[in-house]
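If you're wondering where the values come from, they're calculated on a predicted model, not measured in any experiment. Values below: every heavy atom of this structure, side chains too, minus hydrogens, waters and symmetry copies.
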Amino acid sequence: MIWAEQRPGDWDTSGVTDHALRYFDDYPPGASYDCGSFSVSEAEIISFATQFDPQPFHVDPGAAARGPFGGLIASGWHTAALVMRQIVEHYLSAEASLGSPGLDEMRWPEPVRPGDTLRVRVTAVEARRSASKPDRGILKSLIEAVNQDDRTVMRATAINFLRVRPDPDS
């Protein structure tokens, strides 16, 4: 079956997300969602960076110790990918998510180091129905990841397209 032909009622999302069916209407501005936490190991940092961002401070602990951060740090793209996994599992709804046109902003104000445990929180900032496509809404969210010391290691503003709740009489 082609994804575009599926209807929300046909999707089994139990293995994708940890929340009930959620549509555009269920993301009120101001609501914050805890998206859980995860830890980052040195091996994961080096593995990701070796493939995608092979700068010395991401892949070589010796060079990193002599570098600008005083030790190995995760690539910001690695951090973003790990945060995205949490968002998919705990915030975005598989039955309603229609993708994203992009981010308005992404920042990594503090480095992520081996052994750090990051907590992810997403806050719905703005929500509006699409004028041209009434079956969906546009959601702007603030994404924040903080480490075990409550220091923000990533902040982003994302835009998502989400299906509105289907009319039960349709």
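To the nearest 0.5 Å, atom CD1 of residue I143 and atom CD1 of residue I87 are 3.5 Å apart. A distance of 8.0 Å separates CG of D60 from CD1 of I46, quoted to the nearest 0.5 Å. Between atom OG1 of residue T152 and atom CZ of residue R107 there is a gap of 13.5 Å, rounded to the nearest 0.5 Å. A distance of 8.0 Å separates CD1 in I159 from CG in L139, rounded to the nearest 0.5 Å. Going from atom CD of E110 over to atom CZ of R155 covers 10.0 Å, rounded to the nearest 0.5 Å. Distance CH2/W77 to CE/M84: 13.0 Å, rounded to 0.5 Å.
Residues A124 and P28 come closest through the heavy atom pair CB-O, 3.4 Å. In terms of heavy-atom proximity, A63 sits nearest to P56 at CB-CB, 4.0 Å. Nearest heavy-atom pair across T79 and A74 is OG1-CB, 4.0 Å.
Counting only distance, with no hydrogens or angles, the side chain of H58 and the backbone of I73 share a donor-acceptor pair below 3.5 Å. Not one N or O on the side chain of E42 forms a donor-acceptor pair closer than 3.5 Å with the backbone of G115. Using modelled atom types, no side-chain atom of R85 and backbone atom of A81 make a donor-acceptor pair closer than 3.5 Å. Checking side-chain atoms of D149 against main-chain N and O of R151 turns up no donor-acceptor pair under 3.5 Å. Not a single donor-acceptor pair under 3.5 Å links the side chain of R163 to the backbone N or O of Y23. No side-chain donor-acceptor contact under 3.5 Å links E144 to the backbone of R121. Using modelled atom types, one side-chain atom of S100 and one backbone atom of G102 make a donor-acceptor pair closer than 3.5 Å. Within the 3.5 Å criterion, the main-chain N or O of C35 finds a donor-acceptor partner in the side chain of Q86.
Transitive grouping of hydrophobic side chains (ILVMFWY, heavy atoms separated by less than 4.5 Å) brings L103 and W108 into a common cluster. When hydrophobic clusters are built by joining Ile, Leu, Val, Met, Phe, Trp and Tyr residues whose side-chain heavy atoms come closer than 4.5 Å, directly or via intermediates, V40 is not grouped with F69. Following chains of ILVMFWY side-chain contacts shorter than 4.5 Å, one can reach V88 starting from M154, so the two form part of one hydrophobic cluster. The hydrophobic clustering, which links ILVMFWY residues whose side-chain heavy atoms are closer than 4.5 Å, places M106 and V146 apart. Grouping the Ile, Leu, Val, Met, Phe, Trp and Tyr side chains by contacts below 4.5 angstrom, directly or via other members, places L142 apart from V83.
A heavy-atom distance below 4.5 Å is found between the side chains of L118 and F38. The side-chain heavy atoms of E44 and L82, taken from C-beta on, include no pair separated by under 4.5 Å. Put simply, the side chain of I138 does not reach to within 4.5 Å of the side chain of P101, judged on heavy atoms. Under the 4.5 Å side-chain criterion, counting only non-hydrogen atoms from C-beta, Q148 is in contact with D116. Between P109 and V153 the shortest side-chain heavy-atom distance does not fall below 4.5 Å. Contact annotation: the side chain of F161 never approaches that of S130 to less than 4.5 Å [non-hydrogen atoms, C-beta and beyond]. Residues V164 and R129 form a side-chain contact, since some pair of their non-hydrogen atoms from C-beta on lies under 4.5 Å apart. Contact check for R22 versus Y27: side-chain heavy atoms found under the 4.5 Å cut-off.
Side-chain contact, Y33 with S141: no donor N or O sits under 3.5 Å from an acceptor N or O.
Only one option out of D53, L72, T50 pairs with V59 in a side chain to side chain contact (heavy atoms under 4.5 Å, CB included); it is T50.
D150 has a carboxylate O that lies under 4.0 Å from a charged side-chain N of R119, or vice versa, which qualifies the two as a salt bridge.
Heavy-atom contacts from other residues, nucleotides or ligands closer than 6.0 Å to CZ of R165 number more than 12.
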